[in-house]
Amino acid sequence: MKYPKSQFSKGVRDQDRISSPFLIKYSAVATGKTGKPYMNVILTDKSGDVEARIFEQVPRYSSQAVKDALVQVEGVAQTFNGRIQVHIKDLTILREDEVELEDYLPETFLNADKLYEELKAIIATMKDPHYRALLESIFIEDADIVARIKKAPAAKSFHHAYPVGLLEHVVSIAKTLDFLANHYGPKVDRDLLFVGGFLHDLAKIWELQYDKLTDYTTEGRLLGHLVMGSELIEKKIQKLESEDGRIPGGFPVEKKLLAKHMVVAHHGKLEYGSLKEPACLEALIVHMIDDLDSKVNAIRVFIEQDAAPGAWTLLNRQYERYFYKPEWARKT
Ligand SMILES: [Fe+2]
Ligand SMILES: [Fe+2]
């Protein structure tokens with residue numbers, strides 16, 4: 001039996017009785033002014049988010065209303081300080097097969113084929129025969145990778161967390177790197193920048209599973225996309241070298257090490273999961289542009305989806321601040 005999705009976050013209005021499944025995006029126990037515990041919850045579905053509160057039986061519900069749980073919510077919507085909140089009276093944990101999963105997966109308006117053509121066009125401008133062969137062997141000749149990159153999100157949450165988000169992120173970075181290669185001139189290796197731009201997050205196509213609700217795979221949890229990306233480079237270079245006449249004289253060892261360095265150093269600092277700190281200009285540039293592109297996307301999407309009226313967003317828990325909303329993002 002499937003629980004019907006009778007209400008979407010976006011359509012919730014003051015005084016609506018709520019009886020519908022939602023996905024829990026965030027939950028935390030807080031203490032009210034009287035010292036009584038309550039729960040702050042954010043419910044989500046493909047239409048966006050809606051805030052919720054649990055005031056009764058908090059110890060019982062705190063173990064059920066957890067992040068990423070699918071729940072049937074019974075409650076009522078009320079306006080509090082100008083914002084809609086669902087007061088949850090009861091909730092039941094659901095299994096993935098008890099709902100239509102598409103109702104909870106974020107929607108994308110991206111055109112994967114068009115982005116993929118842009119990616120191929122950039123690779124076609126590369127001059128270095130080794131780096132170019134490496135990227136062609138991955139993005140053009142490997143049908144499994146091509147199929148996955150046209151679907152994968154770039155993350156479970158935070159940035160580009162919707163289908164095709166990884167490809168959007170990668171193409172956006174590559175265009176920025178193209179500009180920077182021009183700007184900084186020949187002392188920066190344009191083709192090595194592209195190796196980093198295209199490959200830094202590629203292993204997320206295996207680190208995450210995204211045919212159901214996005215989550216990490218076992219390989220992703222145990223190794224992560226930096227190690228997996230470095231292994232992919234090793235494997236693809238071995239394959240190139242084994243193909244007759246493909247790489248005359250073999251793939252230069254130094255270029256292989258630099259290609260791997262672009263991947264293992266792209267998180268910038270060890271405390272952000274980087275295996276190495278960037279040790280060449282190109283790796284530093286890729287790290288900083290990656291950071292910029294992911295933050296611009298995360299904050300833009302946050303502002304777009306924010307439900308608060310007026311000029312300021314709700315508190316962004318990732319950046320621990322409120323963001324100012326331009327006219328286009330304000331709800332009337
Ligand atoms: Fe990454
Ligand atoms: Fe990235």
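Counting starts at 1 for both ligands and their atoms, in listed order.
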Classify the ring geometry between Phe179 and His183 as parallel (under 30°), tilted (30 to 60°) or perpendicular (over 60°).
->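 Geometry flag for His183 against Phe179: parallel rings.
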May I ask you to decide whether Glu243 forms a salt bridge with Lys239, counting only side-chain N to carboxylate O separations under 4.0 Å?
->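 Yes, charged N to carboxylate O under 4.0 Å.
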Can you tell me how far the CG atom of Leu180 sits from the CE atom of Met288, to the nearest 0.5 Å?
->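 Nearest 0.5 Å value for the CG-CE distance: 11.0 Å.
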Where at least one partner belongs to residues 108-133, residue pairs that pass salt bridge (Lys or Arg N to Asp or Glu O under 4.0 Å), sequence neighbours excluded =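 Passing the test, one end in residues 108-133: Asp113-Lys150, Lys114-Glu118, Glu117-Lys120, Glu118-Lys175, Asp128-Lys255, Arg132-Glu136.
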To the nearest 10 degrees, could you say what angle the Fe ion (ligand 1) makes with NE2 of His225 and NE2 of His267?
->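 That angle is 90°.
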Report the residues that fulfil side chain to side chain contact (heavy atoms under 4.5 Å, CB included) with Gln72, sequence neighbours left out, ordered by chain and then residue number.
->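 By the side chain to side chain contact (heavy atoms under 4.5 Å, CB included) rule, Gln72 matches Tyr3, Ser19, Pro21, Glu74, Thr92, Leu94.
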Contacts of Lys67 that satisfy side chain to side chain contact (heavy atoms under 4.5 Å, CB included) - sequence neighbours left out |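 In terms of side chain to side chain contact (heavy atoms under 4.5 Å, CB included), with neighbours along the sequence ignored, Lys67 is linked to no residue.
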Taking the Fe ion (ligand 2) as the center, what protein N, O or S atoms are found at less than 2.8 Å?
->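 Metal shell, protein only: His169 NE2, His200 NE2, Asp201 OD2, Asp290 OD1.
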